[in-house]
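As structure tokens, the structure follows; a few thoughts come after it.
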Protein chains: 2
Amino acid sequence: MKQQKKSIRTEIFDWNQYLPGISIDCAIFGYHEKELKILILEYRKSGIFALPGGFIRKNESLDAAAKRVLQERTGLDNIYLNQFHTFGSLERDNPEPMRTVLEKNDIPAPDHHFLLQRFISVSYLALVDFKKVEPEPDFFSDSCLWYDVNDLPTLMLDHGQIVQTALRYLRSNINNQVIGQNLLDETFTMGELQKLHETILGENLHRTGFHRKMMLSDRLERLGKKKTGKAHRAPFIYRFKKQS
Amino acid sequence: MKQQKKSIRTEIFDWNQYLPGISIDCAIFGYHEKELKILILEYRKSGIFALPGGFIRKNESLDAAAKRVLQERTGLDNIYLNQFHTFGSLERDNPEPMRTVLEKNDIPAPDHHFLLQRFISVSYLALVDFKKVEPEPDFFSDSCLWYDVNDLPTLMLDHGQIVQTALRYLRSNINNQVIGQNLLDETFTMGELQKLHETILGENLHRTGFHRKMMLSDRLERLGKKKTGKAHRAPFIYRFKKQS
DNA sequence: TTTTATTGTTACACTATTAAACAATGATAA
DNA sequence: TTATCATTGTTTAATAGTGTAACAATAAAA
């Protein structure tokens with residue numbers, strides 16, 4: 001973890017470069033040690049947890065802004081990224097969490113401060129390679145860490161609902177989207193792919209049925225090699241076909 | 001069609017009651033004479049066509065705003081309404097269409113006019129009963145009319161893309177959602193329901209397969225009565241079960 | 001060589017879907 | 001009254017897909 005302390009000079013930060021009233025929140029999923037993880041940031045000194053997010057520059061498209069925010073937080077480009085819902089409940093119209101963050105960091109928090117307005121949140125789902133990500137806290141945050149989706153802290157405002165909506169979206173698209181391609185290594189065994197699906201769906205799948213379905217889907221190619229390891233038949237290793 | 005001319009006093013309209021930079025656009029679908037229709041409005045004297053839309057009040061949730069906009073345009077409450085995508089391309093960052101509308105109506109159009117800013121559009125899909133709708137033009141519009149989705153005029157900005165996205169959403173959800181419940185009369189024949197599905201999907205379905213699938217879905221109840229008409233067996237009439 | 005654990009394959013039952021054949025029936029025409 | 005016509009409802013056969021279990025293969029350890 002990088003320990004370089006960034007100077008918090010947000011009072012002179014140019015908030016004016018962004019569109020007011022619209023934020024982007026990202027549910028960034030990764031997969032590690034058989035657990036589905038999501039990136040959560042914690043605001044400095046406040047004990048307030050939130051999804052990583054950002055704002056839209058005045059001459060930037062919505063999708064480009066989401067891509068930029070992702071790049072800033074994960075260091076990754078070319079990420080699987082998908083807008084899934086826009087949240088605008090009145091529950092969001094609550095400046096208190098951000099006021100606490102500002103005050104705990106000794107930043108003036110006048111009522112008209114950019115961060116204290118009501119935001120409509122356009123939310124994106126991202127799937128990233130856990131090992132390639134170097135989470136980057138932002139100005140106000142002292143951590144941006146992976147959490148097991150089943151063991152999350154209480155999140156700010158409606159961010160808990162956003163996560164649940166993202167999870168539903170992920171689960172309902174597990175067969176349409178090429179989930180594994182973005183969450184697994186380049187190559188993997190059938191067992192590893194099945195475990196990923198089970199983790200996302202939160203239920204066990206029948207081994208042979210899953211195996212057959214995947215092979216019939218014609219999206220995998222079997223690499224002739226086998227893996228070595230324990231006292232049993234070695235599994236084939238697979239990878240997703242390039243195009244589909 | 002109501003002919004009462006509303007006075008166009010938009011220059012004193014209180015735009016300040018709305019959140020800036022965010023609009024709501026509605027793809028409002030109806031079904032009439034075996035055609036899928038969508039409500040399109042034409043701005044007065046300008047030849048500019050657009051989806052009906054509106055803005056979010058400062059103390060109103062996003063969904064409530066969409067419901068209100070729908071109510072204002074169709075006169076209907078309790079509408080099937082579903083957010084499907086938020087559009088924010090730079091193509092939208094173009095004040096010219098609205099400037100034309102304002103100028104053609106002799107309304108001052110300074111650069112800072114509310115309607116000339118860049119809007120991010122949260123788009124909703126609505127399914128309404130064609131016969132119950134009394135389309136209401138807004139301040140700037142001289143018509144709000146039903147168009148066949150296959151015969152639309154050129155729409156403002158990216159509204160054409162919005163319609164196509166809404167159609168894809170509708171087609172992909174034709175089995176998940178209870179489409180017919182919102183687009184057909186209370187009672188209908190199996191042939192009418194099939195024709196609706198065919199119209200939405202743009203392809204022919206097998207009659208007997210469709211019939212059985214619908215009956216097995218356990219969402220229809222057959223009303224003992226039959227319909228009278230032509231020189232052939234009379235069809236049963238059906239309606240959707242109350243709850244599911 | 002045998003045992004063990006896990007993977008890959010095959011088989012069977014059951015369900016869903018496609019496609020066609022067939023039966024039912026309200027009006028019309030003979 | 002009877003035959004026919006057009007359309008709807010039902011049944012059947014063929015095909016494809018899924019859930020489940022049995023069985024075969026095999027790498028390492030005993």
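Letters A, B, ... mirror the listed sequences (proteins, then strands); counts begin at 1.
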Legend entry - Integer-rounded Å distance: C:dT7 P and A:Phe188 CZ: 15 Å
Legend entry - A:Arg239/A:Asp185 salt bridge by N-O under 4.0 Å criterion: no
Inset, instruction - Measure the distance from CG on A:Leu216 to C1' on D:dG19 and round it to the nearest whole Å. - result: 14 Å
Inset, instruction - In plain terms, say whether A:Asp151 and A:Lys37 are close enough for a salt bridge, that is, a side-chain N and a carboxylate O under 4.0 Å apart. - result: no
Inset, instruction - Sugar-phosphate means primed atoms, P, OP1 and OP2; the rest is base. With that split, encode nucleotides 5-15 of chain D 5' to 3' as B, S or - using protein heavy atoms under 4.0 Å. - result: BBBBBB-B---
Inset, instruction - State, yes or no, whether a side-chain contact exists between A:Ile38 and A:Leu51 at a heavy-atom distance under 4.5 Å. - result: yes
Inset, instruction - Would you mind checking if B:Lys241 and B:Asp218 are paired as a salt bridge, meaning a charged N to carboxylate O distance below 4.0 Å? - result: yes
Inset, instruction - Take atom CG of A:Asn204 and atom P of D:dG19, then tell me their distance rounded to the nearest Å. - result: 14 Å
Legend entry - Spacing of A:Met214 atom CE relative to C:dT9 atom P, expressed in whole Å: 15 Å
Inset, instruction - Using a strict 4.0 Å threshold on nitrogen-to-oxygen distance, state whether B:Asp25 and B:Arg92 make a salt bridge. - result: yes
Inset, instruction - Only pairs at least two apart or in different chains count here, so list each ring-ring contact (aromatic ring centres under 6.0 Å, His included) that has a residue in residues 187-215 of chain B. - result: B:Phe188-B:Phe240, B:His197-B:Phe210
